[in-house]
Structures are given as structure tokens and as C-alpha cells.
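To keep things clear, I will list the structure first and then write my remarks on it.
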Amino acid sequence: MILGKQGAGKGTQCMRLSRHYVVPHISSGEMFRAELKSGSEAGQRLNKFMKAGELVPDDVVIDVMAHRLTADGTKDKGFILDGFPRTTTQAEALFDLLAPEGLDLAVDLQVPTEVVLRRLAARRVCQDCGANYSVDSPPAVDWICDRCGGEVVQREDDREEVIARRLRLYEQETEPLVAWYLRHDKLVAVDGLGPPDVVTGRLVQAIDGRLGGAAA
Ligand code: ADP
Ligand code: ZN
């Protein structure tokens, strides 16, 4: 499971880790955005929280994630979790869900707030596959995704007012999980500054170091 502020690089790094360890990347945010795009009624309900940068209520999140983790033997085959849990209530629910084996490791991907603010303002994402770009490294052709041909746009919740709210919520609701996982002796911290390849290298080293390469 990867913890980190919005813009710390969780999405980008989780896609790479998912290829490296050949396990699915499960992102609560991506799942909610997909639900929204499907136009379902559940998606409509999520929209009002997500647009405002508010957290989706714990019971809704826990229900969705419990289904996802129990589907297709995911729980036993392994996975990378991104964006869940992000409250203590969710961490406790995940603990129960994964008992008795529990989570292998929680990684705290650390990036200073000044840096994530800059990254989020510049961030652009593919509407279809979720690939990340920025105004400084756009897709090759006119905001068309290099990977899937989808449209690359700014997320509605990456606007400045909403970003401030999301970061405040991170501090209040999610940062306490660092101490929570530390107490459970599951935490490893990784420096998220620097080129993506370098960060991926650090992550793999930290994960293999703690799990003895067993995750591979
Ligand atoms: P970010 O971490 O940058 O806010 P995500 O893509 O992870 O972006 O999530 C987008 C939105 O989805 C969040 O702002 C929130 O509204 C909702 N969300 C995702 N995961 C959770 C969660 N575990 N608990 C509550 N809300 C969530
Ligand atoms: Zn794409």
C-alpha cells in the first residue's frame, strides 16, 4: 500500500510497480472516476464529493474496496493499493479484511508540500487510461494520450482552491496513518523527489529490502 500526498507521484509509481511485481494496481480514485464516467447513479453520488475535493464517506469506500479485494482471488494473489486506506477507520477495515495475514507493507512516499503544489497545478491526465502528463512534458501530439489515444485534460479537482482542501484533508485524515502503520511495524519511508525512474528504483529497493524480495 502506498501513502503520500496528492501529487506525490503515487499514480505514476504504482503503475510502474504493478508492472515490476506483476500484480494489479488498485486505485480507489481511478475506480471512483470510472464509476463516475459510467454515468451510474452511484457515480453521481460520488461526483459531489470528488469535485469538491472532499473524501467519499468511509462506509461507501470500504464497501467498494472490500468487493474489489475479494474479487478474483486478488487478496491472495497480491496487489498494490493506491488511495486506500486514507482514514483510520478505513485502515481498520482493511486490517480486518486482510486478517490474519495482513498487509505486507505500507510505503510513505514523501514529497514536500511546495513541490506537490507545483506538480498538481501542472498535472494533466488521460481521461481514458489515467496516464499522467504535465504542461512541461505533454503527450507527443496535441494532448492526445501516447498510450491509448484518449483526451488528456486537467482534473476538475486539480484547480487551486480544491487542491488546498485536498491537502488539508490529507494532513488531518491520512497523515495519522503513517504513525498507525509504524505502530504495526509495517511502515517504510521513501524519498519521492527526483526523476520517476530514480524514485521507482528507491521504491523497489525499499520494498524488496523489507519483504526479502518475496513480493517479486
Ligand atoms: P487524490 O489522492 O489526488 O485526491 P485520487 O485519484 O486518489 O486523488 O482520489 C480522487 C478522489 O476520490 C478524492 O479526492 C476523494 O474524493 C475520492 N477518494 C479516493 N479514495 C478515497 C478514499 N480511500 N476515501 C475517501 N475518498 C476517496
Ligand atoms: Zn490514455
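In listed order, ligands and their atoms are each counted from 1.
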SG (C129) to the Zn ion (ligand 2) to SG (C145), nearest 10°, is 110°

NZ of K10 to CG of L17, rounded to nearest 0.5 Å, is 13.0 Å

So the atoms of ligand 1 within less than 4.0 Å of a heavy atom of F32 turn out to be 12 (O), 17 (C), 18 (N), 19 (C), 20 (N), 21 (C), 27 (C)

Q: Carefully, step by step, assess E161 and R159 under the rule salt bridge (Lys or Arg N to Asp or Glu O under 4.0 Å).
A: CA-CA 6 Å; E161 328 78 82; R159 284 173 302 119; 3.1 Å; yes

Test item: K51 side-chain N/O and V162 main-chain N/O as donor-acceptor pair under 3.5 Å: no

Closest to atom 7 (O) of ligand 1 among protein heavy atoms sits R86 NH2, 2.8 Å

Please report the C-alpha distance between R33 and D128 in whole Å, then the side-chain angles of each, then the deciding distance to 0.1 Å, and finally whether the salt bridge (Lys or Arg N to Asp or Glu O under 4.0 Å) criterion is met. CA-CA 10 Å; R33 276 188 290 279; D128 292 336; over 6 Å; no

Near G83 (heavy-atom distance under 4.0 Å), the atoms of ligand 1 are 20 (N), 21 (C), 22 (C), 23 (N)

among protein heavy atoms, the one nearest atom 3 (O) of ligand 1 is R166 NH2, 2.5 Å

* Asked: Is a side-chain donor or acceptor of R166 paired with a backbone partner of D157 at a separation under 3.5 angstrom?
  -> yes

Residue, atom and distance of the protein heavy atom nearest atom 26 (N) of ligand 1 read V56 N, 3.0 Å

>> Please check this pair: side chain of Q90 against backbone of R86, looking for a donor-acceptor N/O pair closer than 3.5 Å.
In response: yes

Review point. Checking side-chain contact (heavy atoms from CB on, under 4.5 Å) for the pair L97/L69: CA distance, chi angles, key distance, verdict?
Key: CA-CA 9 Å; L97 201 71; L69 288 171; 3.5 Å; yes

ask   = Under 6.0 Å between the ring centres of F79 and H25?
value = no

Per-atom filter on ligand 1: closer than 4.0 angstrom to a heavy atom of Q90 are 22 (C), 23 (N), 24 (N), 25 (C)

Min over K51, M65, R33, E30 of heavy-atom distance to atom 6 (O) of ligand 1 lands on R33

Between C126 atom SG and C148 atom SG, the angle centred on the Zn ion (ligand 2) rounds (to 10°) to 100°

Next item on the list: Scan side-chain atoms only and decide if R123 and S134 contain a donor-acceptor pair under the 3.5 Å cut-off.
Entry: no

One finds that the ligand 1 atoms under 4.0 Å from a non-hydrogen atom of S28 are 19 (C), 20 (N), 21 (C), 23 (N)

- prompt: Based purely on interatomic distance, does V61 place a nitrogen or oxygen under 3.5 Å from a nitrogen or oxygen of ligand 1?
  reply: no

Where the side chain of S28 meets the backbone of G83, is there a donor-acceptor pair that is under 3.5 Å apart?
yes

Within 4.0 Å of some non-hydrogen atom of G29, the atoms of ligand 1 are 5 (P), 6 (O), 7 (O), 9 (O), 19 (C)

Q. Does K5 have a heavy atom less than 4.0 Å from any atom of ligand 1?
A. no

Per-atom filter on ligand 1: closer than 4.0 angstrom to a heavy atom of E54 are 15 (C), 16 (O)

- Query: Are any of the heavy atoms in R155 under 4.0 Å away from ligand 1?
  - Reply: yes

